[in-house]
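Below is one structure, written out as structure tokens; the observations come after it.
Counting starts at 1 for both ligands and their atoms, following the listed order. Treat the numbers as computed from the prediction; the structure is a model and nothing was measured. Position 1 is the first residue of the sequence, and the numbers go up from there.
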Amino acid sequence: MSTALGNHILVEFMNCDPHIMNDVAAIERDMVDAAKKAEATVINSTFHHFSPYGVSGVVVIQESHLAIHTWPEYGYAAVDVFTCGEMNAWIAFDYLKESFQAKSYSAIEMKRGSVNLLTRNDFDISTMRQKANEWVNPGFYTRNVWFTDKDENQALSLRFTGDVFYDHQSPFQRVRILESYKYGKMLALDDMVMTTEKDEFHYHEMISHPAMFMHPNPKNVLVIGGGDGGTIREVLRHPGVEKVTMVEIDGAVIEACKEHLPNIAASFDDPKLTLLVDDGIAFAQNAVPGTYDVILVDGSDPVGPAEGLFSVSFYTNCYNALKENGILVAQGESPKFNEKAFRELNHTLQDIFGADKAPVSLFFVPTYPTGMWSFQYGLKGNIEGPIHQKEAEIETFVSTHGLRYYNGALHNGSFALPNFVKELIKK
Ligand code: SPD
């Protein structure tokens, strides 16, 4: 009979598959399965992904716990398996070694709580037993798998079910559809939240309708990016629109959203749409000058394939592609999360369109870090900007289409800026 209360193995898994080491859903599943293989009773799992790299997590089992921290960039996982009773921790070790595709590993085993060194307390444990009996085991284990969108100083975490509906490394980025508890299914590109079922309307209504109502007669619209389809869905609600061209660089985004986010990707079959899976930056460069009434740049953050969507040359090309009177709207980042990109984009637009022709609209997206986000405008020619002229028309449109964010008051109101934002973009 063992003279120790617990058995603890501390494991170094080395030269593991780096993709697995950065995949919070796969690691959570493997850790839970490892516990089950070793015949543990799983109570709870809590896992976090850290952007850009690394996963930490714990599986609480009736017999104690399994814990992990990974460094994908080194293909390394530090794992510990602590067990009590008859459970064999080495079964979990074998299972994880295979799952993580570890090419090398080492482990040390420690007996924990040597009863020869411990003094058993002399107290009446019947009340403790009573308390233990009051605890209701839910009968199934609960999962806490967290998706975190962060920079080095702040983060937004969403708890998701652990289920992954789509996971594909395209030539441009990692495209995933995960399911969050609070916001439903969500599209993540390279670990950044792009859109979710439950709050997508904040973004898609606000990128499109203020500009569509600001322009006297928008007929020809260009959307760059926007692969989930939410922006074209909103633009195509406007009956005066004759043609929408959408240029999305990554076909995997469109494929994933058509299959898993059909309410967002609802308008890909519209006959007014010309869909091009192509590079939007090159498209703007080659566009015939004076073609579009409205250009909407629905790009992701300025890292990876969207970096060029924040450049002077790209916005100069967009300016040229607009008709004499036209409106550009760009995904403008957050004045609280990415001040530098926010300010630089506004200065670029001021330089190209004119100092008083680059207004900023603020809106709120609960699933983006800090929640406060922006669209930045470039107004070409006689376009007047956020001046309310169409209140009745807007309100009819809002109620006809059941819009849930945009309305007549926000048409102007979203352009009212807090002082710190005004300060940030002052030249
Ligand atoms: N950090 C999120 C930036 C948002 C980028 N675009 C979202 C796509 C929605 N159509």
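The D301 neighbourhood of ligand 1 comprises atoms 1 (N), 2 (C), 3 (C), with distances under 4.0 Å to a heavy atom of that residue. Counting atoms of ligand 1 from 1 in the listed order, those under 4.0 Å from a heavy atom of S300 are 5 (C). Atoms of ligand 1 found under 4.0 Å from any heavy atom of W373 (numbered from 1 in listed order, with element): 1 (N), 2 (C), 3 (C).
A side-chain donor from one of T148 and S157 sits under 3.5 Å from a side-chain acceptor of the other. A donor-acceptor contact under 3.5 angstrom links the side chains of D199 and T367, judged on distance only. Using modelled atom types and a 3.5 Å distance limit, the side chains of H65 and D80 yield a donor-acceptor pair. Side-chain atoms of Y166 and E255 include a donor-acceptor pair closer than 3.5 Å.
The shell of residues lying under 4.0 angstrom from ligand 1, judged by heavy atoms, excludes I264. Ligand 1 has M194 within reach: a non-hydrogen atom of the residue lies less than 4.0 Å from it.
Remark: ligand 1 and D298 share an N or O pair separated by less than 3.5 Å (distance only, no angle test). In terms of N/O distances under 3.5 Å, ligand 1 is approached by D228. Residue Y203 has at least one N or O atom closer than 3.5 Å to an N or O atom of ligand 1.
Given atom 5 (C) of ligand 1, the protein heavy atom at minimum distance is G299 O, 2.9 Å. Y368 OH, 3.2 Å is the protein heavy atom nearest to atom 4 (C) of ligand 1.
Residues that satisfy the side-chain contact (heavy atoms from CB on, under 4.5 Å) test with D250, not counting sequence neighbours, are S170, F172, Q173, V175, E248, A252, V253.
At a heavy-atom distance under 4.0 Å, no atom of D149 approaches ligand 1. When heavy-atom distances to ligand 1 are checked against a 4.0 Å cut-off, H204 comes that close only through its side chain, counted from C-beta outward.
Residues D351 and V312 are not in side-chain contact: their nearest non-hydrogen atoms beyond the backbone lie 4.5 Å or more apart. Here the side chains of E339 and L424 are in contact, with some heavy-atom distance below 4.5 Å.
Aromatic ring orientation, F397 versus H209: perpendicular (interplanar angle above 60°, classes split at 30° and 60°).
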